[in-house]
2 protein chains.
Amino acid sequence: MPSLNAPHTSERHPFQRLQSQLADLIALTPAGDRLPTEPELARRMGVSRATLREAMRTFEGQGLIRRRQGVGTFVVSHNHVIESGLEVLQSIESLAAKIGLEVTLGTLQVMRLSANQDQAAILSVPEGTPLLEVSRVIQAEDRPVAYLIDLLPEEFLTLDDLQDGFTGSVIDFLLRRGSPPLVNSLTEIHAVAASSEIARALEIQRGDVLLMFTARLFSGEGQVVDYSYSYFLPGYFRFHVVRRVG
Amino acid sequence: MPSLNAPHTSERHPFQRLQSQLADLIALTPAGDRLPTEPELARRMGVSRATLREAMRTFEGQGLIRRRQGVGTFVVSHNHVIESGLEVLQSIESLAAKIGLEVTLGTLQVMRLSANQDQAAILSVPEGTPLLEVSRVIQAEDRPVAYLIDLLPEEFLTLDDLQDGFTGSVIDFLLRRGSPPLVNSLTEIHAVAASSEIARALEIQRGDVLLMFTARLFSGEGQVVDYSYSYFLPGYFRFHVVRRVG
DNA sequence: CAGTGGTCTAGACCACACG
DNA sequence: GTGTGGTCTAGACCACTGA
């Protein structure tokens with residue numbers, strides 16, 4: 001069908017109509033069931049696969065569907081939401097425990113490295129200081145929902161420390177050990193698009209939207225103990241904060 | 001060039017190489033200058049226009065470039081960042097004033113409407129209660145950077161109120177008037193992809209990532225005075241919060 | 001009007017999961 | 001192998017801007 005395009009002149013907002021059709025389809029499909037394949041859906045909706053996929057992104061971003069390469073697209077069962085105020089710093093693990101949600105540790109990676117210029121500046125240590133980088137994926141309801149990276153001087157955490165009863169959470173470990181004394185954390189809040197690497201870790205698509213926190217954790221003496229950046233899948237977390245009126 | 005694809009077998013991460021080439025190009029281009037056209041860039045990089053555009057999304061999301069239909073793609077001049085803690089509720093206008101950044105009111109829309117079921121639930125008013133919806137676009141450095149919508153019962157704000165010295169900010173207006181007394185706001189933090197409508201208002205692309213706040217503003221008696229949802233362009237805002245160690 | 005980015009199409013191949 | 005989603009291509013038309 002070459003040229004003669006004009007496919008949408010009869011509709012004011014054809015893309016929105018497509019989205020609404022898909023929304024209906026998803027709503028009518030029992031949770032856990034597989035949707036028709038993409039070529040089939042595209043044919044049925046009368047659009048190209050590229051356009052269909054563009055429309056599907058919306059629903060994936062809301063956590064309503066999950067696409068798995070080589071398997072299919074599935075309607076997600078209604079999930080628990082991890083809800084938390086930001087006033088108090090807590091590990092995801094303790095948050096989840098509080099609401100009775102079971103979370104498991106996905107891949108855990110620990111790397112020793114030497115502080116480069118940026119890292120040195122952030123942690124207020126000399127360049128070349130030995131650091132430990134702990135990255136982990138958190139799973140809930142059998143899918144990755146968060147990707148957390150901690151970066152801290154070996155002074156505060158060593159590979160050996162992790163041999164014994166490490167649950168995945170650096171904060172929980174430091175708190176349990178009691179030293180160094182932790183006081184507070186300065187957390188920045190961002191929205192980002194997933195890079196290829198992070199998309200892979202969280203089993204989502206490159207470009208999908210993520211909530212991101214970066215945090216410096218301070219000890220009593222105002223020392224930076226830990227720098228972390230965390231990525232959260234929308235739909236699984238609800239963070240809130242109470243703001244005073246100035 | 002039909003078939004015989006294998007365009008990327010010689011490269012481990014061809015897409016990342018493309019991104020890195022683009023990053024170099026953007027870095028070397030003086031702020032404010034226009035980049036080559038998309039077809040030209042695609043040819044030069046040896047990829048299709050679709051692939052090029054996919055890679056460009058990254059940089060637009062970081063606020064490094066700005067694409068303007070009918071005009072071209074421009075490297076963005078280094079911009080001020082509106083930085084703020086979330087502990088205290090302030091209007092964007094007062095935030096900007098504090099850091100000496102000039103912001104202007106873009107399009108302002110005010111609508112009277114009657115509370116539907118959802119709105120009634122959120123505001124704790126009976127269905128059908130007359131409401132006022134105030135939506136506005138905030139501009140900084142000559143481009144839209146935030147889209148804010150306030151929804152509140154006419155009991156608290158009427159069309160007439162807006163005739164006289166309304167600067168755009170509902171909060172500032174209520175504070176200045178002093179009634180009802182405002183105490184705090186419960187704000188939820190989300191990351192979302194821009195819908196077509198919001199993309200249009202903010203002059204970005206559908207699907208671009210945005211930081212979103214939803215907030216209920218409470219009076220002294222625990223009454224919901226205002227419900228707002230706000231969309232922020234990444235790169236122009238830096239919100240942070242200090243978290244106590246539990 | 002010409003030229004730009006915005007969108008869509010049709011088709012191909014790749015990467016992956018599962019039998 | 002077979003079939004799924006993931007990615008890319010080449011080309012077309014649309015919507016918009018500004019001369």
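These numbers come from a predicted model, not from an experiment.
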* Asked: Among the nucleotides dT9(C), dT7(D), dT4(D), which one has an atom lying closest to any side-chain atom of Arg49(A)?
  -> dT7(D)

* Report yes if some heavy atom in the side chain of Tyr236(A) is under 4.5 Å from a heavy atom in the side chain of Glu141(A); otherwise report no. => yes

* Asked: Hey, do the aromatic rings of Phe232(A) and Phe239(A) have their centres closer than 6.0 Å?
  -> yes

* Given dG6(C), dT9(C), dG5(D), which nucleotide is nearest the side-chain atoms of Glu38(B)? -> dG6(C)

* Given atom CD1 of Ile204(A) and atom P of dT7(D), what is their separation to the nearest angstrom? -> 11 Å

* **Arg66(B) CZ to dG5(C) P, straight-line distance once rounded to whole Å** => 14 Å

* Structure fact -> Taking dT9(D), dT7(D), dG5(D) as options, the one with an atom nearest any side-chain atom of Arg206(A) is dT7(D)

* **Rounded distance in Å - CZ (Arg43(A)) to C1' (dA10(C))** => 15 Å

* List for me each residue that meets salt bridge (Lys or Arg N to Asp or Glu O under 4.0 Å) alongside Asp226(B), sequence neighbours excluded, and say none if there are none. => none

* Closest nucleotide among dC8(C), dG6(C), dA10(D) to the Ser48(B) side chain -> dA10(D)

* Asked: Using a cut-off of less than 4.0 Å, is there contact between a side-chain N or O of Thr51(A) and OP1 or OP2 of dT9(C)?
  -> yes

* To do: Report yes or no: do Thr58(A) and Gln19(A) form a side-chain donor-acceptor pair below 3.5 Å?
  => yes

* Between Arg206(A) and Glu54(B), is there a salt bridge with N-O shorter than 4.0 Å? -> yes

* Is there a donor in the side chain of Thr187(B) and an acceptor in the side chain of Ser185(B), or the other way round, less than 3.5 Å apart? -> yes

* Length of the line joining Glu60(A):CD and dG5(D):C1', which is rounded to integer Å -> 10 Å

* Asked: Does Glu60(B) come within less than 4.0 Å of Arg66(B), counting only side-chain N to carboxylate O?
  -> no

Within the sub-3.5 Å range, which N or O atoms of nucleotides 16-19 of chain D have a protein N or O partner, and how far apart are they?
{"residue": "dC16(D)", "atom": "OP1", "partner": "Arg200(B)", "partner atom": "NH2", "Å": "3.4"}

* **Euclidean distance, atom CZ of residue Arg53(B) to atom P of dG11(D) [Å, nearest integer]** => 18 Å

* **Gap between atoms CZ and C1', on Phe74(A) and dG3(D) respectively (whole Å)** => 12 Å

* Whole-Å gap separating C1' (dG6(D)) and CD (Glu197(A)) -> 18 Å

* Asked: Of all heavy-atom pairs between Ser169(B) and Ser91(B), which one has the smallest distance, and what is that distance?
  -> OG-CB, 3.2 Å

* Between the main-chain N or O of Asn116(B) and the side-chain N or O of Gln119(B), is there a donor-acceptor pair closer than 3.5 Å? -> yes

* If only side-chain N and O atoms of Arg67(A) are considered, is one of them under 4.0 Å from the OP1 or OP2 phosphate oxygen of dT4(D)? -> no

* To do: Note the angle between the end axes of the helix from dC1(C)-dG18(D) to dC18(C)-dG1(D), five pairs defining each, rounded to 10 degrees.
  => 10°

